[in-house]
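Computed from a predicted structure; not experimentally measured. Throughout, a chain's letter reflects where its sequence line sits, starting with A, and its residues are numbered from 1.
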Amino acid sequence: MLSNSRPGVFFDLELHSDVWDKQLTFEKGKSYLIEAESGTGKSSLFSFIYGYRSDFLGNIYFDERSVNDIPFKEWDEIRKTKLSLLFQELRLFPELTAFENIELKNQLTQHKSHKEIEEMLQLLGIGDKRNTPCAKLSWGQQQRVAIIRALCQPYQFLLFDEPISHLDDKNAAIIADLVEKEAKAQNAGIIVSSIGKQLPLPYHQRFAL
Amino acid sequence: MAGFFIANLVGLSIVLIALQFFFDVNPFFSQKDTLFKRDFFVITKKVGIIGNTGFSPKEIDEIKHARFVKELGQFTSSQFSVFGGISQQGGQSFRTEMFFESVPDNFIDVKSKDWKFSPSDSSIPIIIPKNYLDLYNFGFAEARSMPKISEGLASLVGMDITLMGNNNTQQYRGSIAGFSNRINTILVPESFMTWANERYGNKKNANPARLILEVSNIADPQIATFFKSRGYEVEGENQAVGRMAFFMRLIVGIVAGVGVLICALSFTILILSIYLLLQKNMQKLQNLRLMGYSKSAVSRSYEILSVGINFVVLIGSIAIAAILRNYYVDTIKTVWSDFEQTSILRVSLIGIAIFAFLSVVNVVIIRRKIK
């Protein structure tokens, strides 16, 4: 739940936003789309929710607790079991292969079997890139690797920061199907951001940032 | 990584070899009769026409409080008659009247476990000047084609000592405990002298005729002026040697200082290397943290890595120190025959302590750096 929050750098700006300075609650089981232009604080919003930046005004609550009050140790647990974030900049390890990058997360959570991971790689059309270092993959291919990685854990919310900026519509549709199915299985909420291309999901609510 | 390893290896090796060298050579420096350790003067009053009355308590006090004097010892003369002789079985024997003097034990440059006396002993340890032996060996024996006597052999010669005075007469055996370069007299332990003067002496408390001084800085020009103005004469270790010793000490000090500086620098390089390593991987560390890896899980591999490297470096530096040491040991042996190798164990323990310290510092830095 966001309560009158806005990024610290915007402290003296006149904002016209559906998110900043408003009361706003994200619920499990629903999907939300945040549309924004560049530089309006989209990635910042995710970093505030994900607890690795706290330079905002107002309050952000996670299960009724202010995120600023959650200690470091608990964030480790939250990031393993409650929130899964697809970073806009992906944050893959370039020297590791596609599979190793996914497995790095999965061995922490033991959420998916190797077989399931292989199937997802096939489904997203990068099965043949399994053993290719991420440095040698295109951005679009890396995005798909990162999406699979994001799915390899239990979560209450999936946070996708521009998930398909470098993908074609066909792939976007496949991803949307997969993500919707996965989220449903866990009764999780989905929050997606976009600066143009949107992940085609039946969104419950749309916001302009 | 390689830079880290090499900096660490070089730094620790320098430290260990420097310490090993220090431990090896330290006994040489701390031996009392060396150029390096202490500077002594023996002073007397000029012998005038009306005789020599010795140093009065007031004069002694003045000297004692002079700025350059570290320690002052008084020569105590025997106040009784001493006859010494050597008797050979079935051969000639000779006897002569002689004298003893004593100085406080810490001024004596001969180390001997026999250098003690208790009233129940029947034997007296004696130190004679090295000059006496040299005079015989290189003067008399040379001229008369007689065999030379080594220090060891001379020490085996027993002397008959007769003490007389105060209506007491007593026979003792005298054994030579050593030869002194520093003090030009026939020395006995001060404990013996006190006891014997009490027993055989005439109880007259005479002023000492000679004083031995330890000075803080032999190159101090004040010393010569001080003695000259009061009409004292200086004998004993000469001043050129003293100046040499001063410069030697200075050089040793400079070398040691540079060594310490190098060590400090290599430790700094080492710490910087860790920072560099962490900084280089900061992005990855942060990514791992954001994936939900705990702080300890992320830092553990770095901790194991740095402690592991430190350990390999420790073993390497001990090995390097042990190898390098062999090179200087031979050189030292050529100039110092008594050189005894000390065990490398002590340095190894110090190495382990440094290893432990560095590892702790590394771990602390890693934990602080990884948020």
Would you check if the side chain of A/K80 reaches a backbone N or O of B/Y293 as a donor-acceptor pair within less than 3.5 Å? no
Is A/I78 in contact with chain B via its backbone, its side chain, both, or neither, using a 4.5 Å heavy-atom distance? neither
Is any side-chain heavy atom of B/R289 less than 4.5 Å from a side-chain heavy atom of A/F72? yes
Is any side-chain heavy atom of A/F87 closer than 4.5 Å to one of B/N287? no
Under 4.5 Å between any side-chain heavy atoms of B/K284 and A/R91, yes or no? no
Under 4.5 Å from any heavy atom of chain B, what part of A/E95 do you find: side chain, backbone, both or neither? side chain
Counting only heavy atoms not in A/E37 (residues, nucleotides, ligands), do more than 12 fall under 6.0 Å from its CD? no
d(A/L92 CG, B/M291 CE) to nearest 0.5 Å is 9.0 Å
